[in-house]
Amino acid sequence: GRMFYVLGDTGARLSRALVSYMIDLHREKHGYQERGVPFLVLQDTMIGSSNLPKFADNLYHDDEADLWLIPTAEVPLTNLHRDEILDPSVLPIRYKERAAAGQQVRGLKRVHQFEKVEMYQFVEPDKSMAALDDIVQAAADVIRGLKLPFHLLQLCTGDISFPSTKSF
């Protein structure tokens, strides 16, 4: 169908192996805790992650159950501690998540669904830039481990979203 693809045997096995490799690497080397999150969430969860009301017209919504299909794992991860005040002594909290991603993302293929591993940290505000650098290096470790050539490119402000300060 439109903007979907089916992986054959070898591609499906490679995709599963890469996701497993990334999850294990981030858990064992970088101290991330694995989380499996729901793909459908309540309206309050979408509001708590700043996806509603702004993106309401671009998100899949089940009117009868009043559930929203998440565009990214950041939505439920952001809301894991929504009604809590976290003591700084428990920070940083590092989560990684395997999920299907939403539509219209940048990359080799612009498709409605693909597998990805997200790294997410809850940190004190003054430690957020160091946490971002930590996440970037953890992602780079994946490429290093696969022995693929790469370089890091920091995006200019015109190419990053409104809530972002810095993006690679």
Side-chain angles (χ1 to χ4, degrees), residues 4-7 9-52 55 59-60 67-109 111-125 127-148 150 152 161 163-168:
F4 291 95
Y5 60 92
V6 174
L7 294 174
D9 182 62
T10 302
R13 291 176 61 211
L14 177 60
S15 176
R16 179 173 38 85
L18 286 171
V19 167
S20 293
Y21 166 70
M22 286 185 258
I23 288 173
D24 291 344
L25 174 72
H26 296 314
R27 187 184 67 242
E28 294 166 11
K29 183 175 180 182
H30 299 288
Y32 282 83
Q33 301 172 38
E34 187 171 351
R35 293 293 182 263
V37 299
F39 295 155
L40 294 165
V41 297
L42 298 172
Q43 180 177 344
D44 286 347
T45 302
M46 295 299 282
I47 291 170
S49 61
S50 301
N51 281 271
L52 289 179
F55 300 114
L59 296 167
Y60 297 102
L67 293 172
W68 296 82
L69 185 63
I70 63 169
T72 174
E74 293 171 10
V75 171
L77 288 174
T78 298
N79 283 270
L80 285 178
H81 302 285
R82 179 179 66 207
D83 296 323
E84 298 177 50
I85 297 174
L86 297 173
D87 188 305
S89 67
V90 302
L91 300 176
I93 299 173
R94 296 176 174 160
Y95 293 134
K96 63 179 172 33
E97 191 273 344
R98 175 184 174 253
Q103 68 179 12
Q104 302 302 329
V105 294
R106 294 178 185 202
L108 295 177
K109 291 189 176 277
V111 296
H112 286 298
Q113 177 181 321
F114 61 93
E115 296 286 334
K116 67 179 185 173
V117 174
E118 299 230 23
M119 292 178 287
Y120 195 97
Q121 293 190 27
F122 288 92
V123 298
E124 294 178 84
K127 296 185 173 123
S128 63
M129 294 311 274
L132 175 60
D133 291 338
D134 177 64
I135 289 171
V136 169
Q137 288 308 311
D141 277 352
V142 171
I143 307 302
R144 286 185 196 102
L146 295 170
K147 298 184 178 14
L148 297 172
F150 74 99
L152 293 174
S161 63
S164 298
T165 301
K166 183 177 178 181
S167 187
F168 288 89

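Position 1 is the first residue of the sequence; numbering continues from there.
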Do the rings of His30 and Tyr32 sit parallel, tilted or perpendicular, given the 30° and 60° boundaries? perpendicular
Could you grab the distance from atom CG of Leu86 to atom CD of Glu124, nearest 0.5 Å is fine? 10.0 Å
Residues Asp134, Arg94; criterion salt bridge (Lys or Arg N to Asp or Glu O under 4.0 Å); working and verdict: CA-CA 11 Å; Asp134 177 64; Arg94 296 176 174 160; 3.6 Å; yes
N/O donor-acceptor pair under 3.5 Å between Ser20 side chain and Ala17 backbone: no
Partners of Arg27 by salt bridge (charged side-chain N to carboxylate O under 4.0 Å, His left out), sequence neighbours excluded? Asp24, Glu34
Check the surroundings of atom CZ in Arg144: do more than 12 heavy atoms from other residues, nucleotides or ligands lie under 6.0 Å from it? yes
Say whether, by atom type as modelled, one donor and one acceptor occur between the side chain of Arg35 and the main chain of Leu77 under 3.5 angstrom. no
Do the side chains of Leu67 and Val41 get nearer than 4.5 Å, heavy atoms only? no
Closest heavy-atom pair, Ala139 versus His26, reported as atoms and distance to 0.1 Å, is N-CE1, 4.2 Å
Residues two or more places apart in sequence or in another chain: which of them pass ring pair (Phe, Tyr, Trp, His ring centres under 6.0 Å) with His81? Tyr95, Phe122
Ser49 and Glu74 side chains, donor-acceptor separation under 3.5 Å: no
Heavy-atom closest contact (Ile70 atom, Pro38 atom, distance): CD1-O, 3.5 Å
Intermediate values then yes/no, side-chain contact (heavy atoms from CB on, under 4.5 Å), Leu7 and Arg13: CA-CA 9 Å; Leu7 294 174; Arg13 291 176 61 211; over 6 Å; no
Minimum heavy-atom separation for Val123 to Ser128, with atom names? CG2-CA, 3.8 Å
Counting only N and O atoms by type, is there a donor-acceptor contact under 3.5 Å from the side chain of Asn79 to the main-chain atoms of Val75? yes
Yes or no on side-chain contact (heavy atoms from CB on, under 4.5 Å) for Leu146 and Tyr21, after CA distance, side-chain angles and deciding distance? CA-CA 10 Å; Leu146 295 170; Tyr21 166 70; 4.0 Å; yes
Between Trp68 and Leu40, is there a side-chain heavy-atom distance shorter than 4.5 Å? no
Is it true that a side-chain atom of Gln121 and a backbone atom of Ile93 form a donor plus acceptor pair closer than 3.5 Å? no
Look up atom CG in Leu132 and atom CD in Gln137, then write down how far apart they are to the nearest 0.5 Å. 10.0 Å
Distance col, row Asn51:CG vs Met46:CE, nearest 0.5 angstrom, shows 4.5 Å
